[in-house]
Amino acid sequence: MSSNWDPLALHPPSHSEQLKVSFPQEHVMLMTLNRPRQLNAMTPQLTTSIAAILNWFDDESSLWVVIVTGEGRAFCAGADLKAWLHNQSSGTANERENVASSVHGFASISRRHTSCKPMIAAVNGSAYGGGVEMILNCDMVIASEDAVFALPEVKRGVLAAQGVIPRLGRVAGHQLASEMLLLGNTITAIQARDRFRFVNVVVEKSAVVPTALDIARQITMNSPDSVQSSKEGLILSQKHHFEDAVQTHSMSLVSKRLYHGANIKEGLAAFSEKRKPKWSNPAKL
């Protein structure tokens, strides 16, 4: 493990009370959506706060993993449909332009592809629409045994347009993705794990965040340079054909940091000396 962790030195940017931010263990940030009465439905204010915190997180070298969860009985109910109706009725809706110009997608998470740091979804309850879009762009997903998932956009005359369609098609396959997207029905956490394959682990509700923290701990026991380069490789594999992905990855700045950084030397030395490695924060790119 590393020896340069000081949570008191962390100063996240100011953000709305709709988002709680904490640092529960070494190198780990926990973001909690904090609109429990509204089932953590997304608002522009909450999206702005998430974007500011995640942009800061990406630049903070001492933070290696982020966990996102929800306060109360829901993970995220998706978009505020009443606000959407108001925009449609008033003629101020610009859905196509908003999707095209949204760099990081729904809640500044569903299409976020610029970060090589792992993101874990700790799904404490129901996730609908945009909530599922967020989950599909996380690297690992821990779900409560009573969690449910749905993409009900077709039942409301709207569209799941913020990245979940290609992601679900890739993860679950065309036919199962069609089942979720075209029917709009709810599935269980077990189905999400065993049939649709976008949940890693299903646990009791009280164990969701502790399990996510344990997985984060296991990640931070590894070299952050290696972890972040591995995630970058996965991202590139979604954008390029096999050989192009390998070549692009090998020549990337993240790979250069790994091969020229202190952690590769530390990992090899620790193995040779039969001791645990002491990782350092990755250099800023």
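Being a predicted model, the structure only gives us computed values, none of them experimental.
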Handout entry: Expected output: side-chain N40 to main-chain A74 donor-acceptor under 3.5 Å
Key = yes
Practice task
With sequence neighbours excluded, tell me which residues meet side-chain contact (heavy atoms from CB on, under 4.5 Å) with T43.
Solution key: Q18, R35, Q45, L46
Practice task
Find out whether K239 and H113 are in side-chain contact, i.e. whether some heavy atom of one side chain is under 4.5 Å from a heavy atom of the other.
Solution key: yes
Handout entry: Non-hydrogen atoms of V164 and A160 that approach each other most closely
Key = CG1-CB, 3.6 Å
Practice task
Enter the distance from L168:CG to I135:CD1 here, rounded to the nearest 0.5 Å.
Solution key: 11.5 Å
Exercise for the section: Mark yes or no for whether D214, through its side chain, and P210, through its backbone, hold a donor-acceptor pair below 3.5 Å. Expected result: no
Fill in the blank from the handout: Minimal heavy-atom distance between P13 and A52, with the atoms involved, is CG-O, 3.7 Å
Handout entry: Neighbour count >12 (heavy atoms, 6.0 Å) for atom CD, E273
Key = yes
Exercise for the section: For residues 139-186, pull every pair meeting ring-ring contact (aromatic ring centres under 6.0 Å, His included), keeping only residues two or more places apart or in separate chains. Expected result: F149-F198
Practice task
Measure from the side-chain N and O atoms of S223 to the backbone N and O of D225, and report whether any donor-acceptor pair falls under 3.5 Å.
Solution key: yes
Practice task
Output yes when a side-chain donor or acceptor of S237 lies under 3.5 Å from a complementary backbone atom of L234, and no otherwise.
Solution key: yes
Practice task
Return yes if a side-chain donor-acceptor contact under 3.5 Å exists between N137 and E133, otherwise no.
Solution key: no
Problem - More than 12 heavy atoms of other groups within 6.0 Å of K256 NZ - result: no
Problem - Evaluation steps, side chain to side chain contact (heavy atoms under 4.5 Å, CB included), between L54 and S115 - result: CA-CA 9 Å; L54 286 180; S115 175; over 6 Å; no
Practice task
Answer yes or no: are there more than 12 heavy-atom neighbours, outside R37 itself, under 6.0 Å from its atom CZ?
Solution key: no
Problem - Stepwise side chain to side chain contact (heavy atoms under 4.5 Å, CB included) check, I50 with L33 - result: CA-CA 9 Å; I50 294 171; L33 310 181; 3.8 Å; yes
Handout entry: Nearest-0.5 Å distance that lies between atom CZ in F23 and atom CG in D6
Key = 11.5 Å
Problem - Backbone of I109 reached by a side-chain donor or acceptor of H104 within 3.5 Å - result: no
Practice task
Please write out which residues are connected to L39 in a hydrophobic cluster, directly or through intermediates, given that two of Ile, Leu, Val, Met, Phe, Trp, Tyr count as joined at side-chain heavy-atom separations below 4.5 angstrom.
Solution key: none
Completion exercise
What one should report as the nearest heavy-atom pair of M134 and A107 is SD-CB, 3.8 Å
Practice task
Please answer: with hydrophobic residues joined when any side-chain heavy atoms are less than 4.5 Å apart, are V148 and V171 in the same cluster?
Solution key: no
Completion exercise
dist L236:CG -> F242:CZ (nearest 0.5 Å) comes out at 13.0 Å
Exercise for the section: Quick one: closest heavy-atom pair of C76 and F106, and the distance? Expected result: SG-CE2, 4.3 Å
Exercise for the section: Output yes when a side-chain donor or acceptor of K231 lies under 3.5 Å from a complementary backbone atom of D139, and no otherwise. Expected result: no
Completion exercise
Sorted by chain and number, sequence neighbours left out, side-chain contact (heavy atoms from CB on, under 4.5 Å) with L285 holds for L253, V254, R257
Problem - By side-chain hydrogen bond (donor to acceptor under 3.5 Å, both in side chains) - contacts of S144 (at least two apart) - result: D146
Exercise for the section: Decide whether V227 and L258 are clustered together by the hydrophobic rule: side chain heavy atoms of Ile, Leu, Val, Met, Phe, Trp, Tyr closer than 4.5 Å, transitively. Expected result: no
Practice task
Scan residues 178-189 for pairs that pass salt bridge (Lys or Arg N to Asp or Glu O under 4.0 Å), counting only residues two or more places apart or in two chains.
Solution key: E179-R195
Practice task
Return the set of residues passing side-chain contact (heavy atoms from CB on, under 4.5 Å) with K284 (not counting sequence neighbours), or none when no residue passes.
Solution key: none
Exercise for the section: Using the rule that two of Ile, Leu, Val, Met, Phe, Trp, Tyr join whenever any of their side-chain heavy atoms come within less than 4.5 Å, decide whether L176 and I190 are in one cluster. Expected result: yes
Handout entry: Partners meeting side-chain contact (heavy atoms from CB on, under 4.5 Å) with S255 (sequence neighbours left out)
Key = S229, E232, H249, S252, Y259
Please tabulate, for the side chains in residues 199-209, all donor-acceptor contacts under 3.5 angstrom to protein atoms that are two or more places apart in sequence or on a different chain.
unit_1	atom_1	unit_2	atom_2	d
N200	OD1	V141	N	2.8
K205	NZ	N124	O	2.3

Practice task
Could you walk me through whether E266 and S280 pass side chain to side chain contact (heavy atoms under 4.5 Å, CB included), step by step?
Solution key: CA-CA 9 Å; E266 169 62 15; S280 55; over 6 Å; no
Handout entry: Distance (rounded to the nearest 0.5 Å) between E60 CD and N281 CG
Key = 7.5 Å
Handout entry: Donor-acceptor pair, side chain of S49 and main chain of L19, under 3.5 angstrom
Key = no
Problem - Path from V21 to M42 over hydrophobic side-chain contacts below 4.5 Å - result: yes
Practice task
Let me see the working for M221 and K276 under side chain to side chain contact (heavy atoms under 4.5 Å, CB included), right down to the final yes or no.
Solution key: CA-CA 9 Å; M221 290 177 66; K276 291 183 179 181; 5.8 Å; no
Problem - Donor-acceptor contact below 3.5 Å, side chain S230 vs main chain S226 - result: yes
Exercise for the section: First locate atom OG of S108, then atom CD1 of I53, and finally report the distance between them rounded to the nearest 0.5 Å. Expected result: 11.0 Å
Problem - Salt-bridge criterion met for R193 and E145 (N-O under 4.0 Å) - result: no
Practice task
Among residues two or more places apart or on two chains, list those pairs meeting ring-ring contact (aromatic ring centres under 6.0 Å, His included) that have a residue in residues 35-55.
Solution key: none
Exercise for the section: If you link ILVMFWY side chains whenever their heavy atoms are less than 4.5 Å apart, which other residues fall into the same cluster as I235? By chain and number, please. Expected result: none
Problem - Minimum-distance pair of heavy atoms, taken over all atoms of G184 and A150 - result: O-CB, 4.4 Å
Practice task
For the pair W64 (side chain) and K117 (backbone), establish whether a donor and an acceptor sit closer than 3.5 Å, ignoring hydrogens and angles.
Solution key: no
Practice task
Name all residues meeting the side-chain hydrogen bond (donor to acceptor under 3.5 Å, both in side chains) criterion together with E243; count only those two or more places apart in sequence or in a different chain, and write none if there are none.
Solution key: Q247
Problem - Close side-chain approach of T48 and S16, heavy atoms under 4.5 Å - result: no
Completion exercise
Tightest non-hydrogen contact, residues A212 and A122, listed as CB-CB, 4.0 Å
Fill in the blank from the handout: Interatomic distance, CE@M29 vs CG@L63, rounded to 0.5 Å, equals 6.5 Å
Problem - Verify same cluster id: L136, Y128 (apolar side-chain graph, 4.5 Å) - result: no
Handout entry: Heavy-atom check, side chain of M140 versus side chain of I67, under 4.5 Å
Key = no
